Participant: 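My questions will all concern the structure given below.
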Amino acid sequence: MTLKKLDERSYSIPTRLIYGESFTTTWDYKHHVVPPITASSTFRLDSATRGAEGFEAIGQAGLSSDPIYVYDRMGEPNNNMLQQSLAIAEEAECAVTFATGMAAVHAALTFALDKGSEIIAHRTLYGCTYSLLTNWMPKFGIKAHFADLRDTSLIAPLVNENTRVVYIESPVNPSLELIDIRAVAAAVAKLNESRPAERRILTVIDNTFCTPGGQRPIPLGIDVVVHSLTKGISGFGVEMGGAVVTRKEFFTPLILHRKDFGGTLSPTVAWNILAHGLPTLPIRLPRQQQNAQQVAEFLEKHPLVDTVKYPGLPSFPQHDLARRQMLDYEGKFAPGFMVYFILKGVSPEESRARGMRMMDYIAENSYTITLAVSLGQIRTLIEHPGSMTHSAYSAEEQIKRGLDPGGIRLAVGIEQAGDVIRDLEAALEHCR
Ligand SMILES: *Cc1c(COP(=O)(O)O)cnc(C)c1O
């Protein structure tokens, strides 16, 4: 590219402070060891033709080896690099990043829908996803059916000609129930055999709880994976982001969805996740898992604890399924960093009141455990789904869907496990 020769010195200093050397060849994406942070919301177009070509190719810039960047919301280098890494992480063809996990959930649910489309979802989901399906989608003529999809035979009876998506999480947030991913993919593939291409049903899974380091649903037959990058992938609790990971055929519609609904991830945030979060995931995860295993074993033995759900415990009701589908990159069992437990009580109310006492004690006295929602960080976080992350479900709905009113969710970090157990022990002692 030849740069225009301008007599910059003939302009005033205040103006030159804005434009500097006018055009620079100093910028070099090829030789930085760590990719630079791009911080340009719009891109210089060498000619009107290039501008026109850039608009024409929106939706492909992220796949092209010679992309034309136009404007950040349509695609830029840091997001594209993160997208490539996320696709590698999930053993998928492509990924599209979003501003938050919820922006990604929305895109994954709606990019293929029309007015009148129907969704079949597991009965328990992340609270905001449930709220999206029940409070917002119906306003746009989209209906959601809920069933206990641990039993995949419940899918077929809910299917009609409008069904377009089957949506699950596994493990389920927060109860840690598992759904047999292969079985869901197989059940939907069978239904699709007799459906025309335009009425094909897509399988979508929220893989946030496992991260790709602990479970890769695409090779198991799932069409679309959703992530809150805010959690284990960014890992340090300093960013928000989301991603949809899928096949190339869905790349352009997802990019167009992001362009028009506007849920674009900031390049600075994308850079942070690209430079720090994702590359360290495979070393953070084993440490979190070892800690979670020890914490779960401690809780299981504690006299005040009624139930502990952790896929790594032999007592976990779906332990065999966990061992089949929750696997790290070496094929080793990856039971995750989430632990769910319920305290003893003569009634659910008593168990709930005791749990609240425990969490209040932790909020005031704990060094290693923080009362806060979110998960997947280097710090251990504790929360009460019934009144916090899952308050979109009414109390009756919670019980119907397998959420104990007293259930407590722990997201284990990378501390020394003994220190976390010491703080848990003190908190349990307090609510004896
Ligand atoms: C947090 C979370 C989300 C939403 O992600 P945000 O980044 O907070 O928008 C979606 N699904 C699951 C399972 C989550 O834990």
Side-chain angles (χ1 to χ4, degrees), residues 79 82 86 90 95-110 119 121-136 149 165 167-179 181 204-215 217 222 224-245 258 261-266 269-270 272-273 277-278 281 288 309 311 326 336-340 372-377 379 381-386 388-393 401-403 407 409-413:
N79 271 279
L82 177 59
L86 287 166
E90 281 286 359
V96 177
T97 50
F98 287 88
T100 63
M102 282 317 298
V105 169
H106 177 259
L109 277 171
T110 58
I119 296 166
H122 182 60
R123 58 178 187 163
T124 323
L125 301 168
Y126 175 63
C128 298
T129 305
Y130 178 72
S131 173
L132 177 64
L133 287 175
T134 53
N135 292 325
W136 293 97
L149 298 186
V165 169
Y167 187 93
I168 57 169
E169 296 170 5
S170 184
V172 171
N173 181 359
S175 60
L176 301 184
E177 287 168 348
L178 302 188
I179 294 180
I181 297 172
V204 184
I205 184 171
D206 182 335
N207 198 28
T208 301
F209 262 36
C210 284
T211 81
Q215 177 170 277
I222 293 288
V224 180
V225 167
V226 181
H227 277 290
S228 167
L229 300 176
T230 315
K231 316 292 170 57
I233 291 180
S234 88
F236 296 90
V238 295
E239 307 294 359
M240 296 210 86
V244 179
V245 191
R258 186 178 72 180
F261 285 91
T264 311
L265 183 67
S266 148
V269 173
N272 257 325
I273 301 173
L278 193 53
L281 175 66
Q288 285 176 300
K309 296 266 178 65
M326 300 173 78
F337 47 73
M338 300 301 293
V339 179
Y340 184 65
V373 299
S374 202
L375 53 114
Q377 305 191 2
R379 294 161 189 254
L381 306 179
I382 197 166
E383 70 116 1
H384 178 232
M388 299 175 188
T389 47
H390 291 69
S391 52
Y393 290 95
R401 290 162 198 256
L403 292 177
R409 194 184 81 175
L410 257 182
V412 181

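Start at 1 and go down the list; that is how both ligands and their atoms are numbered. Because the structure is a prediction, the values reported are computed rather than measured. Each residue takes its place number in the sequence, starting with 1.
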Participant: Do Met388 and Arg409 touch side chain to side chain, with heavy atoms closer than 4.5 Å?
Facilitator: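 The answer is no, as the side chains (C-beta and beyond) never meet within the 4.5 Å cut-off.
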
Participant: Among Asn207, Val105, Val244, Thr97, which residue satisfies the side-chain contact (heavy atoms from CB on, under 4.5 Å) criterion with His227?
Facilitator: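 Answer after filtering Asn207, Val105, Val244, Thr97: Asn207.
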
Participant: If you take all heavy atoms of Leu381 and Leu375, which pair is closest and at what distance?
Facilitator: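 In terms of heavy atoms, the two residues are closest at CD1-N, 4.0 Å.
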
Participant: Is any side-chain heavy atom of Ser234 closer than 4.5 Å to a side-chain heavy atom of Asn272?
Facilitator: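 The answer is no; the side chains never approach within 4.5 Å.
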
Participant: With hydrogens left out, which residues have an atom under 4.0 Å from ligand 1, given that only heavy atoms count?
Facilitator: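 Correct list: Thr100, Gly101, Met102, Tyr126, Asn173, Asp206, Thr208, Ser228, Thr230, Lys231, Met240, Gly241, Leu375.
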
Participant: Grab the two heavy atoms, one from Leu265 and one from Gly241, that are nearest each other, plus how far apart they are.
Facilitator: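 Taking every non-hydrogen atom into account, CD1-CA, 3.7 Å.
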
Participant: Is any side-chain heavy atom of Met326 closer than 4.5 Å to one of Cys210?
Facilitator: yes

